[in-house]
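Working notes, beginning with the structure itself.
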Amino acid sequence: QYREGRLGGRFAEHAIFIPNQVDTRGSKSNEVCSDDPLGCWIPAFAVVHYEWTTKGFPESVPWDYAYYVVPNLKEAHEGGYIHKVQTTLSTVLDDIVEPLPIDFNWDHDRYTKAGMAGEFIHGLGYSFNKDPAFRYCSGRISTKFGIDTYENLWMD
């Protein structure tokens with residue numbers, strides 16, 4: 001979280017994971033798991049890089065990533081409307097949705113120095129201003145200066 005004039009940031013303290021939210025019976029994001037097809041999962045904890053917590057923007061950007069950890073416990077899941085009909089459907093997240101690979105070793109400089117076009121990447125998720133529509137884009141990655149002192153990754 002960007003906080004002008006202060007070091008470090010805070011990661012969201014309250015979160016739920018709702019796969020396939022695009023098929024919600026609700027009108028927007030909410031904490032009612034039963035109106036989403038697969039329900040929702042409560043993360044056990046979040047992980048951020050230590051350096052992100054000690055630096056201000058833009059020095060914190062190289063460590064600006066985080067993830068939530070969802071335990072494989074039935075207590076972490078609250079069923080959705082499909083579970084009411086298919087009562088034997090698993091409540092373990094890895095059993096019910098396909099995991100997406102994450103590459104923490106991606107190196108933009110390697111592609112730039114080799115004279116190659118940027119790596120082809122995918123961006124997906126839910127934007128607050130388009131809630132609850134699922135958003136997806138893909139393209140080659142390059143860089144762009146949003147401010148003079150920080151080079152952002154940019155999808156062409």
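Annotation: disulfide (SG to SG under 2.5 Å) contacts involving residues 122-156, sequence neighbours excluded, are absent. Every pair passing salt bridge (charged side-chain N to carboxylate O under 4.0 Å, His left out) that includes a residue from residues 27-52 is listed here, sequence neighbours excluded: Glu51-Lys55. Residue pairs meeting the disulfide (SG to SG under 2.5 Å) criterion with at least one member in residues 52-89, sequence neighbours excluded, do not occur.
Residues that satisfy the side chain to side chain contact (heavy atoms under 4.5 Å, CB included) test with Pro71, not counting sequence neighbours, are Ala44, Leu73, Ala76. Residues meeting the side chain to side chain donor-acceptor pair (under 3.5 Å) test with Asp23, sequence neighbours left out: Asn20. Here Cys40 pairs with Ile16, Ile18, Cys33, Glu78 under the side chain to side chain contact (heavy atoms under 4.5 Å, CB included) rule; sequence neighbours left out. Residues satisfying the side chain to side chain contact (heavy atoms under 4.5 Å, CB included) test with Phe145, not counting sequence neighbours, are Glu151.
Residues Ser60 and Trp52 approach most closely at O-CD1, 3.7 Å, considering heavy atoms. When all heavy atoms are compared, the tightest approach of Gly39 to Pro19 is O-CD, 4.0 Å.
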List the steps and the verdict of side-chain contact (heavy atoms from CB on, under 4.5 Å) for Gln21 and Leu38.
CA-CA 8 Å; Gln21 189 180 20; Leu38 302 173; over 6 Å; no
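Here the straight-line distance linking atom CH2 of Trp63 with atom OG1 of Thr53 works out to 11.0 Å at 0.5 Å rounding.
You'll find the side chain of His83 reaches within 4.5 Å of the side chain of Ile96, heavy atoms only. Between Pro43 and Tyr67, every side-chain heavy-atom pair lies at or beyond the 4.5 Å cut-off.
Using a 4.5 Å cut-off between side-chain heavy atoms of Ile, Leu, Val, Met, Phe, Trp and Tyr, with links allowed through other members, Val22 and Val32 fall into different hydrophobic clusters. Val47 and Phe17 fall into different hydrophobic clusters, where Ile, Leu, Val, Met, Phe, Trp and Tyr side chains are chained together by heavy-atom contacts under 4.5 Å.
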N/O donor-acceptor pairs under 3.5 Å from side chains in residues 84-93, not counting sequence neighbours:
from: Ser90; atom 1: OG; to: Val92; atom 2: N; distance (Å): 3.0
from: Ser90; atom 1: OG; to: Asp95; atom 2: OD2; distance (Å): 3.1

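At distances below 3.5 Å, not a single donor-acceptor pair connects side-chain atoms of His77 with backbone N or O atoms of Ile42.
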